[in-house]
Amino acid sequence: MRLRGATPVVAALLAWAAADAQTPSDTRRSGFDTMSPRVQAMQRDDQQNPGMLWVADGEVLWNKIFGITFSCAHCHGDASKTMRGVAAHYPDWDPIEQKPVDLTQRINLCRTRHQQVLPLPPESEEMLGLEAYVAHQSRGMPLAPSTAKELEAPRERGRQQYEQRIGQLNLSCALCHDKLPGHVLAGATIPQGHVNGYPTYRLEWQGMGSLQRRIRNCLSGVRAEPPPFNSTEMVELELYLAQRSAGLKVETPAVRP
C-alpha cells in the first residue's frame with residue numbers, strides 16, 4: 001500500500017523497510033568469531049588443535065572390540081561415511097526409552113543394548129573420545145536439529161529453562177547470551193552461547209569437556225544448583241540450545257578460551 005503524498009522513492013524505501021522488518025538478517029555468530037586470532041589458528045590447524053588427541057583416541061575405541069566380541073565399527077562400519085551428519089541432529093527422540101537422548105546417551109545405549117557392556121561415566125576420557133570422534137565426522141555440516149514431533153514439548157521446556165532467572169544472582173542464560181554478547185565478564189568476552197563445537201577443548205580446563213559440563217559451569221557461576229549429568233532438565237536444555245544454533249556449522253573439536 002502506498003502512502004498518500006509519498007514520492008515513488010519514499011514509497012519504495014518504506015516498502016523495503018517493511019519487508020526487511022519481516023525478514024531480519026541472521027546475526028548469529030559462532031563462539032569462534034569472538035576468539036583471539038591465536039586461538040582461532042589453534043582450532044583451524046589439526047596439528048595444533050589439542051582436541052584432535054581425543055578424536056584419535058575415539059577412533060581407537062571405535063574399532064575396539066567390547067563385550068560380546070564386536071566393536072562400534074562392526075555395526076556402523078567406516079565412521080567417516082556412516083556417522084557423517086549424525087551428531088548434527090542430536091539430541092533426538094528414542095522410541096524405546098520414550099524420551100530425548102543426546103549423543104553421549106546414544107553412545108551408552110549402544111553399549112548397553114548391543115555390546116552388553118557397562119555405560120561409560122560422564123566426562124570420562126573414553127566417552128569424550130568416542131563423542132568427539134563421532135561428532136568430528138560432521139565437521140563443516142550445519143546443525144540440523146531433529147524434527148520429531150515428540151521433541152516439541154521437551155524443547156519448549158528447554159526454552160523456558162533458558163529464559164528463567166535462577167540462582168543467588170537471579171540471572172538467566174538469555175540475559176548473558178541474548179542481551180550481553182560481546183561484553184566482557186571476568187576478563188572473557190561473552191559469546192552468543194551456541195553449541196556447534198561440542199565436545200570442546202577449553203584452555204581454561206586444559207582438557208576436553210561436554211556441553212553439559214559447560215552448562216553446569218554456568219549454573220555454578222550464577223550460584224544455582226546444577227542438575228545431575230544426563231538428567232531430563234539437562235537434555236531438554238540441550239534440545240533448545242541445538243534449535244537455537246540450527247544452521248551453524250559443526251566445529252568439533254572446537255577450541256575455546
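Just so it is clear, the model here is predicted, and its values are computed rather than measured. For reference, positions follow the sequence shown, starting with 1.
Side-chain atoms of Ser245 come within 3.5 Å of backbone N or O of Val195 as a donor-acceptor pair. Panel note: side chain Glu163, backbone Ala174; no donor-acceptor pair is recorded below 3.5 Å. Judged by distance alone, the side chain of His89 and the main-chain N or O of Ser146 form no donor-acceptor pair under 3.5 Å. Using a distance-only test at 3.5 Å, with no hydrogens or angles considered, a donor-acceptor pair links the side chain of Thr82 to the main chain of His76. Distance alone, capped at 3.5 Å, is enough to place a donor-acceptor pair between the Ser138 side chain and the Gly85 backbone. No donor-acceptor pair under 3.5 Å is formed between the side chain of Arg28 and the backbone N or O of Gln192. The closest donor-acceptor contact from the side chain of Arg111 to the backbone of Val117 lies at 3.5 Å or more, if one exists at all. At least one donor-acceptor pair closer than 3.5 Å links the side chain of Asn49 to the backbone N or O of Pro253. Formation of a donor-acceptor pair under 3.5 Å by the Arg244 side chain with backbone atoms of Gly193 is found in this model. Arg84 contributes a side-chain N or O that, together with a main-chain N or O of Gln137, makes up a donor-acceptor pair within less than 3.5 Å.
Of the residues Arg159, Arg157, Arg155, Gln160, the one that meets the side-chain hydrogen bond (donor to acceptor under 3.5 Å, both in side chains) test with Glu236 is Arg157. Of the options His136, Arg139, Gln43, a side-chain hydrogen bond (donor to acceptor under 3.5 Å, both in side chains) to Glu251 is made by Gln43 and by none of the others.
Ile215 is listed as a side-chain neighbour of Leu241, based on a closest heavy-atom distance under 4.5 Å. Looking only at side-chain heavy atoms (C-beta outward), Leu219 and Glu225 stay at 4.5 Å or farther from each other. The shortest distance between side-chain heavy atoms of Arg256 and Arg214 does not fall below 4.5 Å. Two residues are said to be in side-chain contact when any heavy atoms from C-beta on lie closer than 4.5 Å; Gln206 and Tyr201 meet this criterion. Within the 4.5 Å cutoff, the side chain of Asp92 has heavy atoms near those of the Leu151 side chain. The side-chain heavy atoms of Pro119 and Gln105, taken from C-beta on, include no pair separated by under 4.5 Å. The shortest distance between side-chain heavy atoms of Asn230 and Pro122 falls below 4.5 Å. At least one side-chain heavy atom of Met42 sits under 4.5 Å from a side-chain heavy atom of Leu203.
Here the closest heavy-atom approach between residue Val255 and residue Met35 is recorded as O-SD, 2.9 Å. In terms of heavy atoms, Ala135 sits closest to Ala87 at CA-CB, 3.6 Å. Heavy-atom minimum distance, Leu103 versus Glu131: CD2-CG, 3.7 Å. Heavy atoms only, all atoms of each residue included: Ser210 and Trp205 are closest at O-CH2, 4.3 Å. For Pro154 against Pro100, the heavy-atom pair with the smallest separation is CB-CG, 4.1 Å. Across all their heavy atoms, Ala73 and Asn63 have their closest contact at CB-OD1, 3.5 Å.
Under 4.0 Å is where a charged nitrogen must lie from a carboxylate oxygen, and between Arg113 and Glu97 at least one such pair does. Between Glu152 and Lys149 there is a salt bridge, with a side-chain nitrogen of the basic residue lying less than 4.0 Å from a carboxylate oxygen of the acidic one.
The structure places CG of Leu61 at 6.5 Å from CD of Glu126, a figure rounded to the nearest 0.5 Å. Of the inter-residue distances, the one linking Asn170 atom CG with Gln164 atom CD reads 10.0 Å to the nearest 0.5 angstrom. Interatomic distance, CD of Gln243 versus CG of Leu143, reported as 10.0 Å (0.5 Å rounding). Considering OH of Tyr198 and CE of Met208, their distance stands at 11.0 Å, rounded to 0.5 Å. Residue Met83 holds its CE atom at 13.5 Å from NZ of Lys81, rounded to the nearest 0.5 Å. One distance of note links SG of Cys110 with CD1 of Ile107; it measures 8.0 Å at 0.5 Å rounding.
Hydrophobic clustering places Ile166 together with Leu175 (ILVMFWY residues linked when any side-chain heavy atoms are closer than 4.5 Å, directly or through intermediates). Hydrophobic clustering of Ile, Leu, Val, Met, Phe, Trp and Tyr side chains at less than 4.5 Å, counting indirect connections, unites Val134 with Val101. Side-chain heavy atoms closer than 4.5 Å link hydrophobic residues (I, L, V, M, F, W, Y) into clusters, and following such links, possibly through other members, connects Met127 to Val86. If you chain together hydrophobic residues whose side chains sit under 4.5 Å apart, Tyr162 and Val222 fall into the same group. Connection of Tyr240 to Leu171 is established within a shared hydrophobic cluster, with ILVMFWY side chains joined at heavy-atom distances below 4.5 Å, either directly or through further cluster members.
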ask   = side-chain contact (heavy atoms from CB on, under 4.5 Å) between Glu125 and Asp57: does it pass, once the steps are laid out?
value = CA-CA 9 Å; Glu125 294 296 294; Asp57 288 346; 5.6 Å; no
query = What do the steps show when you test Asp33 against Ser30 for side-chain contact (heavy atoms from CB on, under 4.5 Å), and what is the final call?
reply = CA-CA 6 Å; Asp33 298 323; Ser30 168; 4.2 Å; yes
request  = Show your working on side-chain contact (heavy atoms from CB on, under 4.5 Å) between Asn108 and Leu120 and close with a plain yes or no.
outcome  = CA-CA 6 Å; Asn108 270 337; Leu120 294 170; 3.7 Å; yes
task = List the steps and the verdict of side-chain contact (heavy atoms from CB on, under 4.5 Å) for His114 and Phe70.
result = CA-CA 9 Å; His114 306 301; Phe70 61 87; 4.2 Å; yes
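For the residue pair Gln212 and Asp102, a side-chain donor N or O sits within less than 3.5 Å of a side-chain acceptor on the partner. In the model, Glu233 has no side-chain atom that pairs as donor or acceptor with a side-chain atom of Gln161 under 3.5 Å.
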